[in-house]
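Below is one structure, written out as structure tokens, with a few remarks after it.
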Amino acid sequence: MVEVVVLQHADNCGPGFVADWAAAHDVTLKLLRPDQGENLMPLRASELNGLIILGGPQSVNDDLPWLSSERILVRSLDQRNRPVFGICLGAQQIARAFAAGVGPLTYPQYGRTMVTNAATGATLPVFEAHTEGITAFPGMTQTYSDELGAVQGFKYHRHLAAVQFHPELDVAAFQTIANEEGFASAPVLTEAEVAASKQLLFDELDACFAF
């Protein structure tokens, strides 16, 4: 059985559908909470099968040592062609690990948002919950964009991929975050739209981890 490390940064933003994907592929998830003081230094990139970095309320611009430790781990895994997948804050962490700009949005994105798949041109509603955005950087392939063309997903090098939105959340999980973070009135997805977003997550993880 393959073990993949998952970095979680908030009680209300857990693996969600990532756990379903792992179960479908006989993958064990090792959950770590660097935001609660769990030390990442013992992790050796050479011994990891892959890494998934979840979302959270923090900013990559915060002066928190564990954020820097995550980015060092991302670069170390990249050097070994090991898969790394990021969601929201995790996407921003991957981008910042390679010196991309991450900064405040003019209009924060909450709730149901349409994104476009760059490869197919298909549009899909997804959950958003972020106040900062990623600036395109050299070598990045943009995989998803919003109505303004902003980066909503990207791939980098061989086995790094990320999405700025939240395909791991169901309606109940999103509403918990919305209530706790003060945007409870944000529009939500239908159950059918959640299922489509979940399939997007599975497809992205399959491609990243080469399953």
*For residues Asn117 and Ala119, report the shortest heavy-atom separation together with the two atoms involved.*
OD1-N, 2.8 Å

*Looking only at non-hydrogen atoms, find the nearest pair between Leu31 and Pro15 and report the distance.*
CD1-CG, 4.1 Å

*Test side-chain hydrogen bond (donor to acceptor under 3.5 Å, both in side chains) applied to His130 and Gln109, step by step*: CA-CA 6 Å; His130 62 104; Gln109 293 181 309; 2.9 Å; yes

*Using a distance-only test with no angle check, is there a side-chain donor-acceptor pair under 3.5 angstrom linking Asp35 and Gln8?*
no

*Considering non-hydrogen atoms only, spot the tightest contact between Pro57 and Glu181 and give its length.*
CB-OE2, 4.4 Å

*Can you tell if the side chain of Lys155 reaches within under 4.5 Å of the side chain of Leu160, non-hydrogen atoms only?*
no

_Trace of the side-chain hydrogen bond (donor to acceptor under 3.5 Å, both in side chains) decision for Gln175 with Asn179_ = CA-CA 6 Å; Gln175 289 181 324; Asn179 290 336; over 6 Å; no

*Check Glu204, Gln164, Gln152 against Tyr144 for a side-chain hydrogen bond (donor to acceptor under 3.5 Å, both in side chains) and give me the one that passes.*
Glu204

*Do Phe154 and Phe137 have ring centroids that are under 6.0 Å from one another?*
yes

*Verify whether one side chain among His25 and Asp206 offers a donor that lies under 3.5 Å from an acceptor in the other.*
yes

*Would you check, one step at a time, whether the test side-chain contact (heavy atoms from CB on, under 4.5 Å) holds for Ile53 with Val74?*
CA-CA 10 Å; Ile53 311 176; Val74 168; 3.6 Å; yes

*asked:* Run Phe127 and Val194 through side-chain contact (heavy atoms from CB on, under 4.5 Å) and show every step you take.
replied: CA-CA 9 Å; Phe127 280 131; Val194 168; 4.3 Å; yes

*Nearest 0.5 Å, what's the CD-CG distance between Glu132 and Leu89?*
9.0 Å

*Could you check if a side-chain atom of Met114 sits within less than 4.5 angstrom of a side-chain atom of Val126, using non-hydrogen atoms only?*
no

*Check the hydrophobic clustering (I, L, V, M, F, W, Y; side-chain heavy atoms under 4.5 Å; chains of links allowed) and say if Ile177 and Val18 are grouped together.*
yes

*Is Val188 linked to Phe17 within one hydrophobic cluster, defined over Ile, Leu, Val, Met, Phe, Trp and Tyr using a side-chain heavy-atom separation of less than 4.5 Å?*
yes

*Atom CG in Leu124, atom CG in Leu200: separation rounded to 0.5 Å?*
6.0 Å

*So do Arg96 and Asn61 actually touch side chain to side chain, heavy atoms under 4.5 Å?*
yes

*When you check the side-chain N and O atoms of His157 and Gln79, is any donor under 3.5 Å from an acceptor?*
no

*ILVMFWY cluster, Val102 and Phe165 together (side-chain gap under 4.5 Å)*: no

*Could you grab the distance from atom CD of Gln93 to atom CZ of Arg71, nearest 0.5 Å is fine?*
4.5 Å

*What heavy-atom pair brings Pro83 and Cys208 nearest, and what distance separates the two atoms?*
CB-O, 3.4 Å

*Can you find a heavy atom in the side chain of Thr131 that is under 4.5 Å from one in the side chain of Pro104?*
no

*Just wondering, are more than 12 heavy atoms of other shown residues or ligands nearer than 6.0 Å to CD in Glu180?*
yes

_Ile52 side chain reached by Leu205 side chain, heavy atoms, under 4.5 Å_ = yes

*asked:* Take a 6.0 Å sphere around CZ of Arg44 and say whether it holds more than 12 heavy atoms from other residues, nucleotides or ligands.
replied: no

_Using 0.5 Å steps for rounding, measure from the CD atom of Glu70 to the CZ atom of Arg75._
11.5 Å

*asked:* Quick one: does any side-chain atom of Thr135 pair with a main-chain N or O of Ala100 as donor and acceptor, under 3.5 Å?
replied: no

_If you apply the rule side-chain contact (heavy atoms from CB on, under 4.5 Å), what do you find for Arg158 with Asp78, and how did you get there?_
CA-CA 8 Å; Arg158 187 175 178 184; Asp78 178 57; over 6 Å; no

*Atom SG in Cys88, atom CD1 in Ile134: separation rounded to 0.5 Å?*
8.5 Å

*Looking at side-chain heavy atoms only, is the closest gap between Tyr107 and Leu148 below 4.5 Å?*
no

*Does the side chain of Thr28 come within less than 4.5 Å of Val4's, by heavy atoms?*
no

*Give a yes or no on whether a salt bridge exists between Lys198 and Glu168, defined as a side-chain N under 4.0 angstrom from a carboxylate O.*
no

*asked:* In terms of relative ring orientation, are Tyr110 and Phe183 parallel, tilted or perpendicular, with 30° and 60° separating the classes?
replied: parallel

*Does Phe209 have its ring centroid less than 6.0 Å away from the ring centroid of Trp21?*
yes

*Expected output: side-chain Asp146 to main-chain Val115 donor-acceptor under 3.5 Å*: no

*Would the number of heavy atoms belonging to other residues, nucleotides or ligands and lying under 6.0 Å from CG of Asn39 be above 12?*
yes

*asked:* What's the separation between atom CZ in Arg82 and atom CG in Leu73, rounded to the nearest 0.5 Å?
replied: 11.5 Å

*Which atom of Cys13 lies closest to which atom of His166, heavy atoms considered*: SG-CE1, 3.8 Å

*State yes or no: are the ring centers of Tyr156 and Phe98 separated by less than 6.0 Å?*
yes

*asked:* Tell me whether the count of non-hydrogen atoms from other residues, nucleotides or ligands lying under 6.0 Å of CE in Met1 goes above 12.
replied: yes

_Whether the side chain of Thr116 engages the backbone of Ala118 through a donor-acceptor N/O pair (distance < 3.5 Å, no angle test) should be reported._
no

*Should the pair Asp11-Arg33 be classified as a salt bridge under the 4.0 Å nitrogen-to-oxygen rule?*
yes

*Between the side chain of Ser197 and the main-chain N/O of Glu193, is any donor-acceptor distance below 3.5 Å?*
no

_A side-chain contact here means heavy atoms from C-beta on lying under 4.5 Å apart; do Phe85 and Ile87 qualify?_
yes

*Give the minimum heavy-atom separation between Ala91 and Val163, together with the two atoms involved.*
CB-O, 3.4 Å

*Name the one of Val6, Leu32, Val84, Leu43 that satisfies side-chain contact (heavy atoms from CB on, under 4.5 Å) with Leu51?*
Val84

